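Not measured: the values here are computed from a predicted model. As the structure lists them, so they are numbered: ligands from 1, and atoms in each ligand from 1.
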Amino acid sequence: MSVSDSPARPVVALLHGANLNLLGQREPHIYGTATLADYVAAVRSAAASVGLDIEDFQTNHEGELVDRIQQARGRCAGIIINPGAFTHYAWSIHDALAAFSGPVIEVHISNPNAREPWRHTSVVSPVARGSIMGLGMHGYELAVQAMARLVAAAS
Ligand code: CA2
C-alpha cells in the first residue's frame with residue numbers, strides 16, 4: 001500500500017480563543033515563554049504519534065470561534081479547546097460545543113481556579129468530556145492522549 005492509499009487519519013480541531021496569540025510575548029510568570037506556534041507544534045507532534053491529524057485555529061473573536069466549532073461538525077473527530085477568557089462567559093461557545101457530537105477536551109495553561117474569582121467559572125466545562133488545567137504544555141499532550149483513546153473507542 002502506498003502512502004497515498006493509507007486511510008485518512010481522524011482530524012482533531014485544536015482551537016484557541018482570545019489573546020492566546022500573545023503567548024510567549026508577555027506574562028511569562030503565568031503562561032511561560034512558549035509561543036502559540038510552539039504549542040501547536042507540540043500538539044501536532046503528540047497527535048502524529050497517536051495517529052491523529054490536527055487542524056489548528058486561533059481567534060480573538062467569539063463569533064469566529066463559534067463558526068469554527070460549527071464547521072467541525074461531521075468533519076472532525078474531536079475538539080481540543082482553550083477558549084481563553086471566553087471560557088468564563090461565552091455561552092455561544094457553550095452552545096456551539098453542545099451541538100458537536102464528538103469528544104471535547106478543555107485545556108488551560110494556567111489553573112484558572114487558583115487565580116481571580118471571575119476565572120473560577122467555566123461555561124465550557126459542562127459540555128466538555130474533560131478539563132485539564134494548570135499543567136502548561138504537558139496538559140495539551142495529555143489532552144491529545146485522552147483524545148486518541150476517546151476517538152478509538154468511538155470508532
Ligand atoms: O490559562 C489559560 O490557558 C487561560 O485560558 C488563558 C486566558 C485566560 O483568560 C484564562 O482565564 C486562562 C488568557 C490568555 C491570555 O494570554 C496572554 C498571554 C501572554 C500575554 C497576554 C495574554
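- In the model, Arg68 has no side-chain atom that pairs as donor or acceptor with a side-chain atom of Thr59 under 3.5 Å.
- Closest of all the heavy-atom pairs between His120 and Ala114 is NE2-N, 4.5 Å.
- Looking at atom 4 (C) of ligand 1, its nearest protein heavy atom turns out to be His108 ND1, 3.7 Å.
- Looking at Gly24 next to ligand 1, no N or O pair under 3.5 Å apart turns up.
- Annotation for Pro83 and Val124: closest pair CG-CG2, 3.8 Å, computed over non-hydrogen atoms.
- For atom 14 (C) of ligand 1, the closest non-hydrogen atom on the protein side is Leu20 CD2, 3.7 Å.
- Counting only N and O atoms by type, the side chains of Glu62 and Asn60 include no donor and acceptor under 3.5 Å apart.
- In His88, the part holding a heavy atom less than 4.0 Å from any atom of ligand 1 is the side chain.
- Residue Arg26 touches ligand 1 through backbone and side chain together, judged by heavy-atom distances below 4.0 Å.
- Proximity of Arg119 to ligand 1, defined as any heavy-atom pair under 4.0 Å, is confined to the side chain (atoms from C-beta onward).
- Near Asn82, the atoms of ligand 1 lying under 4.0 angstrom from a non-hydrogen atom of the residue are 2 (C), 3 (O), 5 (O).
- Using cut-offs of 30° and 60° for the angle between ring planes, the Trp118 and His88 rings count as perpendicular.
- In the vicinity of Asn19, heavy-atom distances shorter than 4.0 Å reach the ligand 1 atoms 15 (C), 16 (O), 17 (C).
- Taking each heavy atom of Pro103 and Ala77 in turn, the nearest pair found is CD-O, 3.2 Å.
- Checking Asp38 against Thr35 by side-chain atom types alone, a donor-acceptor pair falls below 3.5 Å.
- In this structure, Asn82 contributes its side chain and His16 its backbone to no donor-acceptor pair below 3.5 Å.
- Considering only non-hydrogen protein atoms, atom 1 (O) of ligand 1 sits nearest to Ser110 OG, 2.5 Å.
- With ligand atoms numbered from 1 in the order given, ligand 1 contributes 9 (O) to contacts under 4.0 Å with heavy atoms of Ala85.
- Regarding atom 2 (C) of ligand 1, its nearest protein heavy-atom neighbour is Ile109 N, 3.4 Å.
- The nearest heavy-atom contact from the protein to atom 18 (C) of ligand 1 is Tyr31 CD1, 3.6 Å.
- Here is the list of ligand 1 atoms found below 4.0 Å of a heavy atom in Glu27: 21 (C), 22 (C).
- Note: no N/O pair closer than 3.5 Å links Trp118 and ligand 1 by distance alone.
- Looking only at atom types and distance, the side chain of Glu106 has no donor-acceptor partner in the side chain of Thr87 under 3.5 Å away.
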